[in-house]
There are 2 protein chains.
Amino acid sequence: MSTRETIIQLGDQLIRSKGFNAFSFYDISEKMKIKNASVHYHFPTKTDLGISILEAHRQKLHSLIESTSTKGPVDKLNSFLLIYTTIKSEGHVCLVGSLATDLNTVDLKIANELKTFADEILNWVTTILDEGKTSGVFSFQCSPRTKALMVITNMLAALQLSRLTNEEDFYTIRNEVIKGLKD
Amino acid sequence: MSTRETIIQLGDQLIRSKGFNAFSFYDISEKMKIKNASVHYHFPTKTDLGISILEAHRQKLHSLIESTSTKGPVDKLNSFLLIYTTIKSEGHVCLVGSLATDLNTVDLKIANELKTFADEILNWVTTILDEGKTSGVFSFQCSPRTKALMVITNMLAALQLSRLTNEEDFYTIRNEVIKGLKD
DNA sequence: AAATATAACTACCTATTAGTAGGTAGGCAA
DNA sequence: TTGCCTACCTACTAATAGGTAGTTATATTT
């Protein structure tokens with residue numbers, strides 16, 4: 001992995017474990033055993049790094065959408081839910097949740113990139129649920145977009161709330177989300 | 001309102017609009033037209049202020065639980081949901097959501113107080129849903145506690161996600177939460 | 001071999017942060 | 001009226017932050 005990619009990966013982990021305003025270039029440089037100025041060589045400003053982290057997440061999402069495009073709605077949904085299960089296993093929260101709470105403190109470029117990312121997630125899940133409803137493997141009353149909002153909010157906040165109540169609550173919520181598509 | 005209460009109120013708003021790590025004692029002192037040192041007179045450390053803000057929220061919750069204790073489950077739930085609607089109208093996120101993402105950066109005393117607060121919210125909503133299911137005004141398959149987790153995660157993340165997708169999505173989610181108790 | 005690009009370095013700067021020391025003006029109580 | 005309390009003040013410190021200028025070592029290309 002290139003230095004640039006390592007920085008993005010570490011920055012990503014720091015944002016999702018501590019939040020955008022609680023990590024510094026020094027945190028990254030320390031872990032890589034290079035100097036803070038060397039991180040600035042790759043990413044002149046913290047905003048630049050933030051944008052690149054978001055772009056990496058978007059790229060990963062696009063790859064996942066692509067690689068699951070021939071599968072059925074149930075498989076696609078499982079792929080989506082697996083994202084959160086993986087984040088939970090690392091003890092982090094998701095990027096959207098972390099940055100959404102910091103929205104008023106970040107550069108407009110980051111805010112806009114984040115909005116695009118959130119829209120892409122919402123559109124994908126909406127499509128999955130729409131497909132599943134049409135083919136009969138999912139059943140729900142409201143619109144696919146509304147159901148997608150419900151699923152995403154459940155998963156996003158499950159990561160956050162289960163840090164406080166009980167780690168197991170994450171899986172309780174995840175299972176109930178799945179059940180809620182077969183009512 | 002006393003100086004102390006004003007500081008708590010401003011700190012609370014700052015946490016919920018910018019996050020714990022993005023506000024300073026100067027932000028508060030500036031708005032009150034006093035000096036940063038004067039804020040330290042009331043709250044020696046930022047942790048002290050954080051604890052007091054959490055205690056104020058817990059106190060407010062206890063008052064609400066108390067004042068709605070004689071009402072029915074539907075009224076109680078509406079009181080609960082109104083908390084989030086009010087926060088949304090201010091453009092903020094909720095304290096639990098904001099601090100949950102910062103959990104790894106705050107003093108253990110704050111983390112513990114936050115966990116207590118989250119437990120109290122969860123217990124109250126669980127009780128409301130249990131009452132409602134017993135009396136027949138609410139209908140759902142899973143346990144009251146699990147349903148409470150679903151409702152809370154929907155509302156908590158609705159505040160965060162609707163900052164990114166569409167402000168109206170908050171109300172879409174809120175209405176769907178209500179519908180989801182009458183299935 | 002010389003020129004260039006890459007990726008790191010040392011050594012700074014400026015701003016902000018949390019927090020402290022010590023002082024003061026005014027109210028209240030013995 | 002003496003003395004304490006409250007609530008603020010000025011003035012500071014030590015640490016950390018993001019960021020910059022200029023330098024050097026190592027490859028790669030011409």
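Here is how names work: the chains are called A, B, and so on, in the same order as the sequence lines, proteins then strands, and each is numbered from 1. Computed over heavy atoms, backbone and side chain alike; hydrogens, waters and symmetry mates excluded.
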Of the listed dG18(D), dA7(D), dC9(D), the closest approach to the Phe25(A) side chain comes from dG18(D)
Measure from NE2 on His40(B) to P on dA7(D) and round the result to the nearest Å. 17 Å
Minimal non-hydrogen separation, Cys142(B) against Lys133(B), with atom names: O-NZ, 3.3 Å
Atom-to-atom span, CD of Glu30(A) to P of dA17(D) - whole angstrom: 10 Å
What's the CE-C1' distance between Met32(A) and dC9(C), to the nearest Å? 14 Å
Contact list for DNA chain D against residues 14-24 of chain A - heavy-atom distance below 4.0 Å: Phe23(A), Ser24(A)
Could you check whether the side chain of Asn36(A) and the base of dG18(D) have a donor-acceptor pair of N or O atoms closer than 3.5 Å, going by distance alone? no
Take atom CG of Leu49(A) and atom P of dA17(D), then tell me their distance rounded to the nearest Å. 15 Å
When you measure from the side-chain N and O atoms of Lys35(A) to the phosphate of dC9(C), is any distance below 4.0 Å, counting only OP1 and OP2? no
Output the single nucleotide from dC8(D), dA18(C), dA17(D) whose closest atom is nearest the side chain of Tyr26(A). dA17(D)
Is Asp130(B) reaching over with its side chain to a backbone N or O of Pro144(B), donor-acceptor style, under 3.5 angstrom? no
Mind calculating the distance between NZ (Lys46(B)) and P (dG19(C)) to the nearest angstrom? 8 Å
Quick one, Ser162(B) and Ile173(B) - any side-chain contact, counting heavy atoms below 4.5 Å? no
Distance-only, no hydrogens or angles: does the Ser89(A) side chain make a donor-acceptor pair with backbone N or O of Thr86(A) under 3.5 Å? yes
Phe43(A) CZ to dA7(C) C1': how many Å, rounded? 13 Å
Between Arg174(A) and Thr85(A), do the side chains contain an N or O donor and an N or O acceptor separated by less than 3.5 Å? yes
Nearest to the side chain of Ala37(B) - dA11(D), dC9(C), dG19(D)? dA11(D)
Taking the side chain of Ser38(B) as heavy atoms from C-beta outward, which of dA8(C), dA18(C), dC9(D) is closest to it? dC9(D)
Can you check whether Thr45(B) has a side-chain N or O nearer than 4.0 Å to OP1 or OP2 of dA18(C)? no
Under 4.0 Å: is that the gap between some side-chain N or O of His42(B) and OP1 or OP2 of dC8(D)? yes
Going by heavy atoms closer than 4.0 Å, what residues in residues 102-109 of chain A are next to DNA chain D? none
Heavy-atom closest pair (Asn21(A) atom, Lys18(B) atom, distance to 0.1 Å) is ND2-O, 4.3 Å
Decide whether Asp119(B) and Thr116(B) meet the rule of one side-chain donor and one side-chain acceptor closer than 3.5 Å. no
Short side-chain N/O contact from Tyr41(B) to OP1 or OP2 of dA7(D), under 4.0 Å: yes
Are side-chain heavy atoms of Ser29(A) and Lys35(A) found at a separation under 4.5 Å? no
Applying side-chain hydrogen bond (donor to acceptor under 3.5 Å, both in side chains) to Arg163(A) and not counting sequence neighbours gives none
Of the nucleotides dA8(C), dT10(D), dG19(D), which has the atom closest to the Ile34(A) side chain? dA8(C)
With a 4.5 Å limit on heavy-atom distance, are the side chains of Leu114(B) and Val96(B) in contact? yes
Rounded to the nearest angstrom, tell me the gap between atom CD1 in Ile28(A) and atom C1' in dA17(D). 13 Å
